[in-house]
Amino acid sequence: MQRRHEERRHLMESGVNPYPCTFDVTAYAADVLATFREEEQLPVSVAGRIMTIRKMGKASFFHIQDATGRIQIYLKKDEVGEKAYSTFKLLDIGDIVGVKGYSFRTKTGEISVHAQAFELLSKSLRPIPVAKEKEVDGQKVVYDAFSDKELRYRQRYVDLIVNPEVRQTFIRRSAIVAFIRQFFTSKGWLEVETPILQPIYGGAAARPFTTHHNALDMQLYLRIANELYLKRLIVGGFDGVFEFAKDFRNEGIDRFHNPEFTQVELYVAYKDYNWMMEQVEELLYRTALAVNGCDTVSFLGSEISLKPPFRRLTIADSIREYCGVDIDGKNEQELRSTAKDLGLELDPKIGSGKIIDEIFGEFVEPRLIQPTFITDYPTEMSPLAKEHRSKPGLVERFELIAGGKELCNSFSELNDPVIQRERLEAQAKLRLRGDDEAMIVDEDFLRALEYGMPPCAGLGIGIDRMVMVLCGQESIRDVIFFPHLKPE
RNA sequence: GAGAAUAUAGCUCAGUCGGUAGAGCAACUGCCUUUUAAGCAGUGGGUCGAAGGUUCGAGUCCUUCUAUUCUCACCA
């Protein structure tokens, strides 16, 4: 670094601006390769970061990397002149340069740019970790890859420079979000924005982050979900609304959980959860085709097919199938002993719905690799979902499980304000008993429902997890640019 | 919250039984006008995560701490 500071000063003293304002780029690296013709010398002007250098006295080769990839540059002293060539000798891997020249093919066959002039565009003061590559039997072998996970997350910018597959993952993430947005918009649903700072948090069972508004001198929460606000908009007369929402949950961090994560929530009036399952099937299938070009993905060592229809299974049937026990019609006592027979240690405080969830989470969910809709959850686990039209004690709810993890959650929304009040008050009681994840009674939300909300289907998709599955990434940190880490 | 593993040069890693720090790449100086893990010759580079302790002597043994990774717990 010391040396590079000196070089920077050196360049400035010799009249070279190490940080000029613009450079006229006419082609990306990929364009040069794509438009190359053996018989023609096409003039090009490319720019990018120097990634390799091979200096040979009075001529040099180097690769620059731009947004589309790498292109080799050939630089000859005769061609660019003495002064420019000695400037070039002061450049390092990591510097950003612009090159004007023409495309040609080298003796060893690589399409390259024969430089006629070049310009330093930005001097790099820190050495980047250079990984070298070699082709062995057609396989690319990478030497000394920048692989320390902590450093890669802390200095994602370096990770992106050096590890091209990281860049690809995030490009795909963007494509997934763009596709979902276009899919929803094309159906006539409205993209909206609702508060992130909320005086009362709700819509999920989770602990929030708390903050303080100085001028109002009041406590505010970072949202854990946007569900209750979107439903207010359905009350307000929008037929379909969705929001890509950063949500915040003050909980543990592991490879499936980041304290801030992205969900898209969608609410559509006059529809139910059965209809929503079809939407999810279509969405996942078409997203996979659009982004990956095929309807299967490889995730955690399994091939997952996203071709509809997905399997549908009630939670009771799934437990019957994977545990061989029947939970239908069982009371809390019986469920508890069933769980015990299966070898589950249970907190004596939890109720029957939670016991079922525990059994499911322990024995069923991890084994659901192919996309599967799990339906008809116990009412007490789902205070915002509508009672099942024919199965007492259950609600019209589904989760989509794939790769052993929940990807989506959806229900026919509860729109009876009286029952909704009862459910929230029951939550409030749980809260008083010490369940700090139980929901809070949101009087304004209840007031909205009292004006009348049409029948409505709601959906939440965990974008991070969906990206993980579609990109075959095993950690949520690999699909979030800047995952949360403790300070250095 | 619990356990395990990891932490040594810019990067990737060695470092034996406790004896005073190593390699490859990167960097620096030469030479080299079609190279591609360029090559050849030479040079420099370290608070061994932090703080204590044991010892004549600690990268190595002990204690505490910090960070990361993995597993478990928690978590719609």
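Bear in mind the structure is a predicted one, so any value in this text is a computation, not a measurement.
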Please tell me if [X] has a side-chain N or O lying less than 4.0 Å from either OP1 or OP2 of [N].
X	N	answer
R477(A)	rU69(B)	yes
K486(A)	rA67(B)	yes
R3(A)	rC28(B)	yes

Could you check which nucleotide pairs with [N] in any of the strands shown, counting Watson-Crick or G-U wobble with both distances under 3.5 Å?
N	value
rA2(B)	rU71(B)
rA21(B)	none
rU34(B)	none
rC61(B)	rG53(B)
rA9(B)	none
rU47(B)	none
rU16(B)	none

**Prompt:** Do we see a donor-acceptor contact under 3.5 Å between the side chains of E380(A) and S352(A)?
**Reply:**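 Looking only at side-chain atoms, S352(A) and E380(A) do form a donor-acceptor pair, the distance falling under 3.5 Å.
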**Message:** Quick one about R49(A) and Q65(A) (side-chain donor to acceptor, distance below 3.5 Å, no hydrogens or angles considered), yes or no?
**Reply:**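 The criterion, which ignores hydrogens and geometry beyond distance, is not satisfied for R49(A) and Q65(A).
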**K271(A), R232(A), K231(A) screened by salt bridge (charged side-chain N to carboxylate O under 4.0 Å, His left out) with E413(A), the one that passes** =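 Answer to the salt bridge (charged side-chain N to carboxylate O under 4.0 Å, His left out) test with E413(A) among K271(A), R232(A), K231(A): K231(A).
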**Prompt:** With a non-hydrogen cut-off below 4.0 angstrom, is F256(A) in contact with a base, only sugar-phosphate, or nothing?
**Reply:**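 Answer is nothing: F256(A) stays at 4.0 Å or more from every strand.
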**Message:** Once you apply a heavy-atom cut-off of 4.0 Å, does D92(A) come out as touching a base, just sugar-phosphate, or nothing?
**Reply:**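 The residue D92(A) makes sugar-phosphate contact but no base contact.
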**Asked** What nucleotide among rC70(B), rU68(B), rC11(B) has an atom nearest to a side-chain atom of R255(A)?
**Response**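 Shortest atom-to-atom distance from the side chain points to rC70(B).
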**Request:** Please confirm whether Y74(A) and F61(A) have ring centers closer than 6.0 angstrom.
**Result:**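 Yes; F61(A) has its ring centre under 6.0 Å from that of Y74(A).
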Tell whether [X] reaches the base of [N] with its side chain through a donor-acceptor pair below 3.5 angstrom.
X	N	answer
S147(A)	rU12(B)	no
D254(A)	rC70(B)	no
Q72(A)	rU35(B)	yes

**Request:** Determine the interatomic distance between C1' on rG15(B) and the same-named atom on rG46(B); round to the nearest Å.
**Result:**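 Those two atoms are separated by 14 Å.
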**Prompt:** What interatomic distance, in whole Å, is found between C1' of rA9(B) and the corresponding atom of rA4(B)?
**Reply:**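 So the two C1' atoms sit 29 Å from each other.
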**Item:** Option among R3(A), R4(A), R9(A) that satisfies the side chain to side chain donor-acceptor pair (under 3.5 Å) test with E7(A)
**Value:**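 Single side chain to side chain donor-acceptor pair (under 3.5 Å) partner of E7(A) among R3(A), R4(A), R9(A): R3(A).
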